[in-house]
Amino acid sequence: MTTPLRLYDSMRRDKVPFEPLEPGKVGMYVCGPTPYAPAHIGHAFSAISFDTIRRSLAFLGYDVRYVRNVTDVEDKIIRRANEVGEDSVALAARFADDYNRDMARFAVLPPDVEPKVSTHIPQIVELIVKLVENGSAYPVDGDVYFAVDKFPAYGRLSGMTIDELRSGASDRELVEKQKKNPVDFALWKAAKPGEPFWPSPWGNGRPGWHIECSAMPVAHLGVTFDIHGGGKDLIFPHHENEIAQSQGAYGPTTFARYWMHNGFLNFAGEKMSKSLGNVFNCDEIANAVGGEALRFFCVEHHYRSPVEFDVESVRDASNEVVGVRFRSLEAADRRLEDFYKTLAKIDAFVVQGGDAGEGTVLAEAERLIPEAREALTDDFNAPVVMSKLHEAKTLANRLLDIGKGTDKQVRRRTLARLGKDMRIVGGALGILANDPARYLADRRDRLVRRCAIDVARVTQLIADRVTARGSKDFTRADEIRGELTALGVELHDTPQGTDWSVQDVG
RNA sequence: GGUGCCAUCGCCAAGUGGUAAGGCAGUGGUCUGCAAAACCACCAUCCCCAGUUCAAAUCUGGGUGGCACCUCCA
C-alpha cells in the first residue's frame with residue numbers, strides 16, 4: 001500500500017504525478033561525492049536532501065532501491081593523489097569512507113548500492129563502444145568524444161539550445177582542437193603520465209566525467225529507472241550529458257523518468273570558498289552543534305529552495321578570526337531540544353503510568369501521521385510536516401501539563417501514541433531517532449565546552465542552594481542563582497530536584 | 001552577454017486562483033517562594049505599478065531588488 005504522490009520533475013518543470021515503473025517500487029539514483037578532501041556542509045546538504053526523499057518514500061510505503069555513486073576516478077582526485085604520492089583510487093576510497101562516516105552523523109542512511117567508477121570500467125567501456133558504433137561518439141587520438149550534434153534533444157533539461165551552448169563555449173575559447181564541435185565532451189581520455197589508466201579499444205585511458213553516471217544506474221537499476229537526483233549545479237553539464245550518453249545508446253525513452261534537484265546552500269555575507277578559508281567541514285559542524293541540528297535545519301526548508309546559511313566569524317581583540325559560530329544551526333538545535341525535552345517527558349510519563357491498554361485516544365493525536373503523509377505526497381513538503389510535529393509537541397505538553405477533564409487512561413494512551421507517532425514521522429525526515437536523555441546530555445556537554453562552564457563549581461553552588469532553600473533562606477538561594485546566571489547557567493527547580501542547563505542565548 | 005529561479009509578519013519558513021501553516025522573537029496571563037520550563041491568549045493581506053477574473057500572495061505584462069548556472073563547485 002503506497003500513497004500516490006506528486007513531485008517536481010526538473011525535466012517537465014512542473015509537479016507531476018509520480019508513477020513508478022513497478023507499482024510500489026522506486027529505483028533511485030543520486031549523484032554522490034567525488035572524494036578528494038573532507039566532506040563539507042554542501043555535501044551534507046545534498047546528501048540529507050535526498051536521504052529525506054528516500055525516507056519519505058519509504059514512509060509512504062514504497063520499496064526504495066537507492067543507488068548513490070562514488071566518482072573515484074576524476075581529475076581533482078588524481079591531482080591530489082599525485083601531490084601526496086598516494087594511489088588515486090585508494091585516496092578516493094579513504095575520503096569516501098570519511099564521507100560515509102560524516103553522513104552517518106546526519107542520519108543519512110547508507111545507500112543500497114554504492115558503485116564506484118574504478119569497479120565499473122567494463123560497463124563504461126561497453127557503453128562508449130555502443131555510442132561509437134552507432135555514430136553518437138567519435139574517437140580522436142585515444143580520446144573519445146560525444147557528438148552533441150547527433151543528439152537533437154541536447155539541452156532540454158537545462159533549457160538551452162545547442163547553439164546557445166556553442167556560443168557560450170567559443171566565447172570562452174574552451175575549444176579543444178580535436179573536438180568536432182566545441183560543446184562535444186569527453187567520454188574517454190587517453191592516458192597521460194602520472195594518471196591511472198585502464199585498457200580500452202582506444203588504448204589505455206580513463207573515463208571522462210559524466211559517463212560513469214550513465215553506466216552505473218543501468219548496471220544497478222536497469223536501462224530505465226524512476227528517479228535521478230542531484231544538486232541543482234549538476235543540471236548542466238553533468239545531467240545533460242548523462243541523458244545524451246544514455247539515450248544516445250539506449251533510445252529516447254530510456255534512463256531517468258523523473259529528475260529531481262535540490263536547492264543550493266548559500267552563505268550570507270561571505271561565500272564558502274577555500275581561498276577565504278571558510279569551507280566548513282562536516283566534522284567541524286557535527287562537533288560544534290551536533291549532527292542532528294543540521295539535519296533538523298535542513299528539513300525545516302523545502303528541498304528545492306535555496307537556503308541562506310549564517311556563519312559568523314569570531315574575532316579576537318586584534319580582529320583576527322579565531323573561529324566561527326553557526327548561528328542558524330545553534331538556533332535549530334534549540335528548537336530540536338524542545339522536541340527531545342517533550343519526548344523525555346512523554347517517555348517518563350508513559351513508563352511511570354504503565355500500560356494503558358488498548359482503546360481510544362484523543363482525535364487530535366490521530367491526525368499527525370495522515371497529515372504528514374499528505375504533506376509528503378506534495379513534492380516532499382517537509383516544512384509542513386515540521387509544522388504538524390510542532391502541533392503534536394504542543395498537544396503532548398498540554399496533556400502533560402493539565403490532565404484534568406481528560407479520562408486518565410485516554411490521556412495516557414494519547415501521550416504514548418504521540419510519542420510513538422512523533423518518532424515515526426520524525427523518521428520520515430531523519431530526526432528524533434535519538435534517546436532523549438542521551439541527546440540532552442550531549443547537548444549540554446557541547447554547551448559546557450562552548451561556554452567553558454566549570455561543572456564542578458556549578459554542582460557545588462547548586463548543592464549550596466538546595467541547602468539554603470531547605471532552610472527557607474530564599475535570599476541566599478536567589479543570591480546563588482544570581483551567581484550561576486553570571487556563569488551562564490540556568491536553573492530548573494522541579495519536584496524531582498534542581499536541574500540546570502547552559503543559557504544558550506547566542 | 002545567455003538561461004533559469006526567487007521576493008510572504010522583526011527573523012526563519014509553508015502556501016500556484018477562493019479569501020495567509022508552523023517556528024523563533026515580542027506582549028499579556030496561568031503555574032512557581034521567586035524563577036526557568038510548559039501551557040493559554042494576542043501578534044501579517046503577501047516588493048511596486050498596471051491588467052485578467054465573481055474571486056489573486058497565487059495568472060499576465062512592466063518595474064525594482066536578490067540569487068544561481070553557462071568555468072569538471074554538492
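Each chain gets a letter, A, B and so on, in the order the sequences are listed, and its residues count up from 1. All values derive from a computational prediction rather than experimental measurement.
- The R398(A) side chain lies nearest to C39(B) when the options are C72(B), G23(B), C39(B).
- When both pairing distances are held under 3.5 Å, U19(B) makes no Watson-Crick or G-U pair with any nucleotide shown.
- Counting only residues at least two apart or in different chains, ring-ring contact (aromatic ring centres under 6.0 Å, His included) contacts with residues 380-400 of chain A comprise F339(A)-H390(A).
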Check nucleotides 56-60 of chain B against the protein and report each pair of N or O atoms closer than 3.5 Å, with its distance, or say if there are none.
none

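- Scored by the side chain to side chain donor-acceptor pair (under 3.5 Å) test, E242(A) finds H228(A), H238(A) as partners (sequence neighbours excluded).
- Residue T342(A) is out of contact with every strand shown, counting any heavy-atom pair closer than 4.0 Å.
- Checking G23(B), G33(B), C72(B) against every side-chain atom of D493(A), the shortest atom distance belongs to G33(B).
- Applying the ring-ring contact (aromatic ring centres under 6.0 Å, His included) criterion to H43(A), with sequence neighbours excluded, gives H40(A).
- The side chain of H43(A) places an N or O atom within less than 4.0 Å of a non-bridging phosphate oxygen (OP1 or OP2) of A74(B).
- Nearer the 5' end of RNA chain B, as judged by each residue's closest nucleotide, is the contact made by V307(A), out of V307(A) and L491(A).
- When heavy atoms are screened at a 4.0 angstrom cut-off, N397(A) is found touching the sugar-phosphate backbone but no base atom.
- Rounded to a whole Å, the NZ atom of K189(A) is 7 Å from the C1' atom of C72(B).
- In this structure, the side-chain contact (heavy atoms from CB on, under 4.5 Å) partners of R446(A), at least two apart in sequence or on a different chain, are D333(A), Y439(A), D442(A), R443(A), R449(A).
- Here U64(B) sits opposite A7(B) as a Watson-Crick or G-U wobble pair (both hydrogen-bonding atom distances under 3.5 Å).
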Can you tabulate the close N/O pairs, meaning under 3.5 Å, that link protein atoms to atoms of nucleotides 27-32 of chain B?
none

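- Qualifying side-chain contact (heavy atoms from CB on, under 4.5 Å) partners for S328(A), counting only residues two or more places apart in sequence or in other chains: F297(A), F309(A), D310(A).
- Dashed line: the shortest gap from a side-chain N or O of R334(A) to OP1 or OP2 of C24(B) is not under 4.0 Å.
- Taking a pair to require two hydrogen-bonding distances under 3.5 Å in either a Watson-Crick or a G-U wobble arrangement, C72(B) remains unpaired.
- For R156(A), the CZ atom is loosely surrounded, since the number of other residues' heavy atoms within 6.0 Å does not exceed 12.
- R465(A) comes within 4.0 angstrom of a nucleotide base, judged by non-hydrogen atoms across all strands.
- Counting any heavy atom pair closer than 4.0 Å across all strands shown, F236(A) reaches sugar-phosphate atoms only and no base atom.
- Legend: residues meeting side-chain contact (heavy atoms from CB on, under 4.5 Å) with D338(A), ordered by chain and number and at least two apart, are K341(A), K393(A).
- Applying the salt bridge (charged side-chain N to carboxylate O under 4.0 Å, His left out) test to pairs two or more places apart or on separate chains, those with a residue in residues 36-56 of chain A are D51(A)-R55(A), D51(A)-R295(A), R54(A)-D112(A).
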* In B/S/- notation, 5' to 3', how is nucleotides 14-21 of chain B contacted by protein heavy atoms closer than 4.0 Å? -> SSS----B
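- For F45(A) and A74(B), the ring-to-base geometry does not satisfy the stacking test (centroid distance below 5.5 Å, interplanar angle below 30°).
- Residues that satisfy the side-chain contact (heavy atoms from CB on, under 4.5 Å) test with T161(A), not counting sequence neighbours, are D163(A), E164(A).
- Among the atoms of the strands shown, only primed sugar atoms or phosphate atoms (P, OP1, OP2) are found under 4.0 Å from some heavy atom of T394(A).
- Partner assigned to A38(B) is U30(B), using Watson-Crick or G-U wobble distances below 3.5 angstrom.
- When rounded to the nearest whole Å, the span between CD1 of I480(A) and C1' of A35(B) equals 14 Å.
- Toward the 5′ end of RNA chain B lies the nearest nucleotide of F474(A), the other residue of the pair S46(A) and F474(A) mapping further downstream.
- Contact annotation for K345(A): backbone-only contact, meaning every heavy-atom pair under 4.0 Å involves sugar-phosphate atoms and none involves a base.
- Using a 4.0 Å heavy-atom cutoff across all strands shown, L400(A) reaches no nucleic acid atom at all.
- The listed nucleotides are C72(B), C69(B), G33(B); the one nearest the side chain of D478(A) is G33(B).
- Taking atom CZ on F185(A) and atom C1' on C70(B), their separation rounds to 16 Å, with Å as the unit.
- Nucleotides A68(B) and A41(B), compared at atom P, are 42 Å apart to the nearest Å.
- When the nucleotides C72(B), U3(B), C67(B) are ranked by their closest atom to the side chain of N266(A), C67(B) comes out on top.
- Only at 4.0 angstrom or more do the heavy atoms of residues 482-489 of chain A sit from any atom of RNA chain B, so none qualifies.
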* To do: Please lay out, stage by stage, how R101(A) and D98(A) fare under the test salt bridge (Lys or Arg N to Asp or Glu O under 4.0 Å).
  => CA-CA 5 Å; R101(A) 188 205 58 217; D98(A) 286 357; 3.4 Å; yes
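- Look at CG on L389(A): it is 17 Å from C1' on C24(B), rounded to the nearest Å.
- Distance CG (N241(A)) to P (C69(B)): 17 Å, rounded to an integer number of Å.
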